[in-house]
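Remember, it's a predicted structure, so these values are computed and weren't measured experimentally.
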Amino acid sequence: MDSKLIEIAENGLYLTIEITEEQDVRLLHFGAAPLEAGVIADKIKPGFRLLELQLSGEDRAEYHGRTHRASYPGLRMVYGGHHDKVNTLGRKLEITLVDPVTAIQAVQHLQFYNGVQTVRCWTVLKNEGTAEAAVEYLSTFALTGVDKEGSGDRNDKIEVTLAHSGWQSELQWRTYRLPELGMSHLADRGSKRLAASSTGSWSAAELLPMAILHNKESGSSLFWQIEHNGSWHWELTDQYDQLTLLVSGPTEHDNHWWLKLAPGEEFISVPVAVGAVQGGIQGAAEQLTAYRRIIRRPNEDNELLRIIFNDYMNCLWGSPTTEKLLPLIDAAADVGCEYFCIDAGWYAPGEWWDGVGQWEPSIERFPEGIKVVLDYIRSKGLIPGLWLELEVMGINSPKLAETDDSWFFMRHGKRVKDRSRYQLDYRNPKVIQHADSIIARLVEEYGVGYIKMDYNINAGIGTETDADSFGDGLLQHNRAYLAWLDSIFARYPNLVIENCSSGGMRMDYAMLSLHSIQSTSDQEDYVQYAAIAAGSPMALTPEQSAVWSYPLREGDDEEVIFNMVNALLLRVHQSGHLAELSPRRRGLVKEALDYYKSIRAHIREATPFWPLGLPDSEGQWVSFGLRHRDLRYLAVWRIAGEEAEVKLPIDELKGQEAAVRCAYPQQHRSEWSWDKTEGILTVSLPPGQTARLFEVHFS
């Protein structure tokens, strides 16, 4: 029989899948425009496999270095049927592949979403044979020919944008040519790969689990995000003189993950969202923002965008007491905050780091009981909150007397220890019971409506308990923790739980599809925070991006304004010694929060844009805006240098009349002009490290 094509045009995405006469399944094309005729020669089509699967004991073909291309039985798998249907989310394509030797079956799922140029992919692997199979690698998404459009060489036309990350230095966006990453196009099937991985329980410790590949010649961009709260891997490699993208969860070679699949058992891969646009960073951000809003748990917090005060950052630093808190609560209520969260330290009289685990209030800190303070918060019209770190137990916790090794991650017969804490294993029903009881006490007895859920260790490669490999144990735990979170939100639908992992060390959409709000950083310097805040909407929706604003006791007016501008287009995480600010400076905080309340209904519907490109903390200026109908909100920061003015291109408004005003602060000492012909807003700010927020109205 002749080969046949499955051709899909859906929501601006175009897929072409070929089923050959020999029943090979090839993903010839995934993009924002139809497949160009003749762009793929017949002789290179064998490299366009839909799936890669490596089993232990199986061969590898054309294998160099550590790439995952040309795997077995991946190369052997043949077409086993497909389903093309529609569900409540949109179109759904399921393609089955089978291995005639081992009888392993893989079903590739591609879920489209109505109106969004993004699909969610996952692979279901089932052992239909009679012998046990051992899995070393399974792709969630595999696409060859990501550089096939345009006649130029990939060295010149392909750019990759990554988000580097680190504690207090999250969201450092960089764009590279492939040779700048050491992957020069000199030979086909080289041993070099561009590999990005994260191993451990911090999914964003060094890189965010996402990237964007842009073809400067064709103008198209491919983007992907791995939706997992543990280990993950993606790589760019080459075969048949084509650039191949392979995206997956953990692997054996890269992340210590290995799985035994008994006859009849199945395994579901880590999900990955993949999309394509005609355009660059801006188009990718728009599609990802829309997609993230669709997959996120429906919740009141992302509708209301209430303002949080948290007493930690540049304020009480984890040492709250009744005496310290009461004036802060008064000040937070006075400026218009709506949650008041008591951060770390409420459960211990002194040094508490290695003793956490019981989460009982400290009598020394709260002589009349913490409930008196929580009731006082409520009496001021605020919703009370508390800090927790429920995935760990300190090595000196009194709670350890009630536990055994089954509660914790184990490696080589020893409990996994990191920063004087043990990692709890959420597969254990006793751990779930422990966590459930603490949440129930805080919510039902204390009346807590907000929890800052922190996570300050990295549990490493995983656990050996009831697992085929360390990575298998970690993956099982990751999924068990998500299931536990799901159960808590089902039980307490109005409870807000902030996702914090030493700031933004677990900024992924496994967590953010459940959590309504994400800590972006623990950055203590408000000037350094500007680029982190401005870059955050590329990684998550604006209404989920919590940014600290912490006016300093020793600061001046411009320092307050800069702090507030950092957060005003995202989620305000207010802190600082508000009760000790001068009336004028405290008035600037209140002015900002009053303004925020007037625009937050727009934030939850807006899409981000960057007139100067994604920030990288190295320039003199940072700018980030939100697009909402005929209005543009635009934050501008001078973080270094002495240039008086900056030109901000807003290309989409070229040729349009626009009315511009400085929305915050009202006493702004700034100047601006709008060039209608060029679509450029020129802004002049007062000298020094200063910031302003503008509104651009057009019709």
Side-chain angles (χ1 to χ4, degrees), residues 304-311 313-315 328-341 381-382 517 520 523 525-527 529-530 532-534 536-537 542-543 545-553 555-604 606 622-626 628 631-639 660-670 683 685-686 688-696:
L304 300 179
L305 278 66
R306 289 188 175 114
I307 297 166
I308 305 108
F309 186 93
N310 180 297
D311 67 28
M313 182 61 72
N314 285 317
C315 192
L328 270 178
I329 295 165
D330 290 340
D334 178 59
V335 298
C337 296
E338 294 155 302
Y339 289 106
F340 190 102
C341 183
L382 292 88
I517 188 166
T520 51
Q523 174 55 247
D525 183 336
Y526 68 93
V527 176
Y529 213 136
I532 296 172
S536 68
E543 65 271 22
S545 176
V547 172
W548 288 107
S549 173
Y550 35 69
L552 307 176
R553 280 183 287 204
D556 58 14
D557 289 5
E558 289 296 348
E559 175 265 331
V560 175
I561 295 164
F562 198 113
N563 258 295
M564 301 310 296
V565 171
N566 282 351
L568 280 181
L569 295 182
L570 302 161
R571 288 298 296 276
V572 181
H573 232 144
Q574 193 64 53
S575 195
H577 288 282
L578 293 186
E580 300 178 39
L581 299 184
S582 68
R584 175 182 172 83
R585 297 178 72 228
R586 193 151 126 192
L588 284 168
V589 175
K590 187 176 189 312
E591 179 192 336
L593 298 185
D594 286 345
Y595 175 73
Y596 182 80
K597 291 175 182 177
S598 75
I599 68 167
R600 59 184 169 187
H602 291 176
I603 293 173
R604 71 188 190 207
V622 171
S623 184
F624 145 67
L626 290 179
H628 185 265
L631 181 58
R632 301 292 178 268
Y633 298 98
L634 191 61
V636 185
W637 298 263
R638 186 197 292 108
I639 61 174
V660 182
R661 79 179 186 100
C662 183
Y664 176 78
Q666 293 179 9
Q667 302 297 319
H668 51 76
R669 298 187 299 121
S670 305
V683 169
L685 300 188
Q689 294 169 322
T690 52
R692 296 292 185 267
L693 183 63
F694 293 89
E695 289 182 4
V696 181

* To do: Quick one: list whatever passes side chain to side chain contact (heavy atoms under 4.5 Å, CB included) with Asp330, sequence neighbours left out.
  =>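 Testing Asp330 for side chain to side chain contact (heavy atoms under 4.5 Å, CB included), a comparison that skips the adjacent residues, returns Tyr376, Lys380.
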* To do: Any chance you could lay out the ring-ring contact (aromatic ring centres under 6.0 Å, His included) test for Tyr595 and Tyr664, step after step, and finish with the verdict?
  => CA-CA 8 Å; Tyr595 175 73; Tyr664 176 78; 7.3 Å; no
Is [Y] close to [X] at the side-chain level, that is, under 4.5 Å between some pair of heavy atoms?
X: Ile308; Y: Ile517; value: yes
X: Asn314; Y: Leu552; value: yes
X: Leu588; Y: Pro665; value: yes
X: Ile639; Y: Phe562; value: yes
X: Leu328; Y: Cys315; value: yes
X: Leu634; Y: Val660; value: no
X: Leu693; Y: Cys662; value: no
X: Leu593; Y: Gln574; value: yes

Does the [X] side chain pair with the main chain of [Y], one donor and one acceptor, at a distance under 3.5 Å?
X: Glu591; Y: Gln666; value: yes
X: Arg638; Y: Pro686; value: yes
X: Ser549; Y: Asn563; value: yes
X: Glu338; Y: Ile307; value: yes
X: Glu695; Y: Ala663; value: no
X: Thr690; Y: Leu685; value: no
X: Arg600; Y: Leu305; value: yes
X: Arg571; Y: Arg306; value: yes
X: Ser575; Y: Asn310; value: yes
X: His577; Y: Ala579; value: no

Looking only at non-hydrogen atoms, find the nearest pair between [X] and [Y] and report the distance.
X: Ala691; Y: Ile561; result: O-CG2, 3.3 Å
X: Asp334; Y: Lys590; result: O-CE, 3.4 Å
X: Pro551; Y: Leu581; result: CB-CD1, 3.8 Å
X: Val622; Y: Ala530; result: CG1-O, 4.2 Å
X: Ala567; Y: Tyr596; result: O-CE1, 4.3 Å
X: Ser536; Y: Ala533; result: OG-O, 2.8 Å

Check ion pair [X]-[Y] (N to O, under 4.0 angstrom):
X: Arg692; Y: Glu558; result: yes
X: Glu559; Y: Arg585; result: yes
X: Arg604; Y: Glu543; result: no

* Asked: Between OH of Tyr526 and CE of Met313, what distance do you get to the nearest 0.5 Å?
  ->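 Going from the OH atom of Tyr526 to the CE atom of Met313 covers 15.0 Å.
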* **Rounded distance [0.5 Å steps], SG in Cys341 versus CG in Leu382** =>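 The distance works out to 11.5 Å.
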* side-chain contact (heavy atoms from CB on, under 4.5 Å) evaluation trace for Val696 with Leu631 -> CA-CA 6 Å; Val696 181; Leu631 181 58; 6.0 Å; no
* Asked: Can you find a side-chain donor-acceptor pair between His602 and Tyr633 that sits under 3.5 Å?
  ->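 Tyr633 and His602 do have a side-chain donor-acceptor pair below 3.5 Å.
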* Asked: Do Asn566 and Trp637 get their side chains close enough for a donor-acceptor pair, meaning under 3.5 Å?
  ->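 Indeed, the side chains of Asn566 and Trp637 share at least one donor-acceptor pair under 3.5 Å.
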* For Tyr529, which residues count as a side chain to side chain donor-acceptor pair (under 3.5 Å) partner, sequence neighbours excluded? ->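 With sequence neighbours excluded, Tyr529 shows a side chain to side chain donor-acceptor pair (under 3.5 Å) to Thr520, given in chain and number order.
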